[in-house]
> 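First the structure, which I've put down as structure tokens, then a few questions once you've had a look.
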Amino acid sequence: MTNDDGVESPGLHALAFALSRVGEVTVCAPEAEESAVGHSITTRIPLRLKQVSLEGLERTYCVNGTPADSVKIAIGWLMTEGPPDLVVSGINLGPNTATNVIYSGTISAATEACIMGVPSFAISLGTFVNPLWPTAADIAAQVAETVLERGLPSRVLLNVNVPNLRPEQVRGIRLTRQGDSSFVDALEERLDPRGQPYYWLAGSYQMTDTDPTTDALAVQDGWVSITPLSLDLTAHHVFSELSRWSWGDERREREPRR
Ligand code: MN
């Protein structure tokens, strides 16, 4: 297990508690919050691994690095008995739907596991306030059992988003596609005490894609959204169109480069 909200996050603790019913849990997570770091890895400073205590768990570690670092060090170094059967990343505070998938540290941790050949999923809760962790934790255990039983296709991971509802209010599980909505950035300029400008990235999420088959809409409508994500980012659907384009070869033959 890992996350991007840091080893002290209540979402991680709720997940650990739920997954302890499914199997033997090892936690390796960033020591501080690493939200929105995407798939960054640490290559220019040393990584430090520290054992921490988490109630009811024997193997809990934190790293002064990113979510992807945590997975690399856990599978590549910590787990000398061999790779885990499953890597679960979360529970993230806040949804990881639509364009957020690109920025998400939570998903990147699951992606790293997938790259290393371990079945994985990311799980996020669709709220930033008053999180109902037990709902998402139970869904995580349910999805974990299914993935352990069936495995996942090679180079595919799951992105799970749970609505912030009580369990009995959740309508069910829907397989979705990644939507197109995104944050509309607002950059604020302020002055520091020395009169020099600095910039603070803000913005708000704009639901521009209202297709009901998307992740964000499913969560908004009270469904658990499961989106299969592929390591292959190739836009296969434009291949035939782009293969008909002229890419300049004939121009180059006409006027050879000097
Ligand atoms: Mn986060």
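Worth saying up front: this structure is predicted, and the values here are computed from it rather than measured. Keep in mind that the numbers below use all heavy atoms, side chains included, and drop hydrogens, waters and symmetry copies.
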> Please say yes or no: joined through hydrophobic side-chain contacts below 4.5 Å, possibly via intermediate residues, are W77 and M79 part of one cluster?
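Same cluster: W77 reaches M79 through Ile, Leu, Val, Met, Phe, Trp or Tyr contacts under 4.5 Å.
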> Is there a donor-acceptor pair under 3.5 Å between the side chain of T106 and the backbone N or O of S89?
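Such a contact is absent between T106 side chain and S89 backbone.
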> For Y103, does the OH atom have more than 12 heavy-atom neighbours from other residues, nucleotides or ligands under 6.0 Å away?
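Result for OH/Y103: open.
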> For the backbone of A110 and the side chain of S120, can you confirm whether one donor and one acceptor N or O come within less than 3.5 Å of each other?
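The answer is yes, because a donor-acceptor pair under 3.5 Å joins these two groups.
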> Tell me whether R174 is salt-bridged to D221, with the criterion being a basic N under 4.0 Å from an acidic carboxylate O.
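So R174 does not pair with D221 through a salt bridge.
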> Could you tell me if the side chain of T2 sits less than 4.5 Å from the side chain of C28, heavy atoms only?
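No; the side chains remain at least 4.5 Å from each other.
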> Does CZ in F17 sit with more than 12 non-hydrogen atoms of other residues, nucleotides or ligands closer than 6.0 Å?
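Count not over threshold, so no.
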> For R48, look at atom CZ and say whether over 12 heavy atoms of other residues, nucleotides or ligands are found less than 6.0 Å away.
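Counting neighbours around CZ of R48, 12 or fewer heavy atoms of other residues, nucleotides or ligands fall under 6.0 Å, so no.
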> Can you tell me how far CG of N96 sits from OG1 of T99, rounded to the nearest 0.5 angstrom?
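These two atoms lie 11.5 Å from each other.
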> Could you grab the distance from atom CZ of R59 to atom CD of Q51, nearest 0.5 Å is fine?
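If we round to the nearest 0.5 Å, R59:CZ and Q51:CD are 9.5 Å apart.
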> Give a yes-or-no answer on whether the side chains of D209 and T214 include a donor-acceptor pair shorter than 3.5 Å.
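Per modelled atom types, D209 and T214 side chains form no pair under 3.5 Å.
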> Do I91 and V219 land in one hydrophobic cluster if side-chain heavy atoms of ILVMFWY residues count as linked below 4.5 Å?
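Per the 4.5 Å side-chain linkage, I91 and V219 are not co-clustered.
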> Just jot down the ring-ring contact (aromatic ring centres under 6.0 Å, His included) partners of W200, sequence neighbours excluded, or say none.
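W200 satisfies ring-ring contact (aromatic ring centres under 6.0 Å, His included) with no residue once adjacent residues are dropped.
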> Under a 4.5 Å side-chain heavy-atom rule over Ile, Leu, Val, Met, Phe, Trp and Tyr, are V88 and V25 clustered together?
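V88 clusters together with V25.
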> Tell me, which pairs form a salt bridge (Lys or Arg N to Asp or Glu O under 4.0 Å) where one or both residues lie in residues 228-242, sequence neighbours left out?
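Sorted result for residues 228-242: E241-R244.
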> Side chains of S108 and V37: closer than 4.5 Å at any heavy-atom pair?
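S108 does not reach V37 side chain to side chain.
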> With rounding to the nearest 0.5 angstrom, report the CG to CG distance, N164 to L132.
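If I round to the nearest 0.5 Å, the distance is 4.0 Å.
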> Under the 3.5 angstrom rule, does the side chain of T135 hit a backbone N or O of L165 as a donor-acceptor pair?
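Answer holds: yes.
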> Around atom OH of Y198, are there more than 12 heavy atoms of other residues, nucleotides or ligands at under 6.0 Å?
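Buried by this count: over 12 neighbours within 6.0 Å.
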> Look at atom CD of E58 and say whether more than 12 heavy atoms of other residues, nucleotides or ligands are closer to it than 6.0 Å.
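12 or below, so no.
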> Enter the distance from L158:CG to L152:CG here, rounded to the nearest 0.5 Å.
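CG of L152 is found 4.5 Å from CG of L158.
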> Taking CD in E189 as the centre, count heavy atoms belonging to other residues, nucleotides or ligands within less than 6.0 Å. Is the count above 12?
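More than 12 heavy atoms, drawn from other residues, nucleotides or ligands, come within 6.0 Å of this atom.
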> Just so I know, are the side chains of Y61 and I73 near enough to count as touching, which here means a heavy-atom distance under 4.5 Å?
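No, too far: nothing below the 4.5 Å cut-off.
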> S35 and D5: side-chain donor and acceptor closer than 3.5 Å?
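Present: a donor and an acceptor within the cut-off.
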> So does N161 get a backbone contact from the side chain of S124, meaning a donor-acceptor N/O pair under 3.5 Å?
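No; zero donor-acceptor contacts below 3.5 Å.
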> Could you walk me through whether L187 and D185 pass the side chain to side chain contact (heavy atoms under 4.5 Å, CB included) test, one step at a time?
CA-CA 6 Å; L187 200 62; D185 289 336; over 6 Å; no
> With side chain to side chain contact (heavy atoms under 4.5 Å, CB included) as the criterion, how do Y205 and N100 come out once you've worked through the C-alpha distance, each side chain's angles and the decisive distance to 0.1 Å?
CA-CA 9 Å; Y205 187 71; N100 290 336; 4.0 Å; yes
> When you check the side-chain N and O atoms of T26 and E24, is any donor under 3.5 Å from an acceptor?
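On atom types as modelled, these side chains do not qualify, holding no pair under 3.5 Å.
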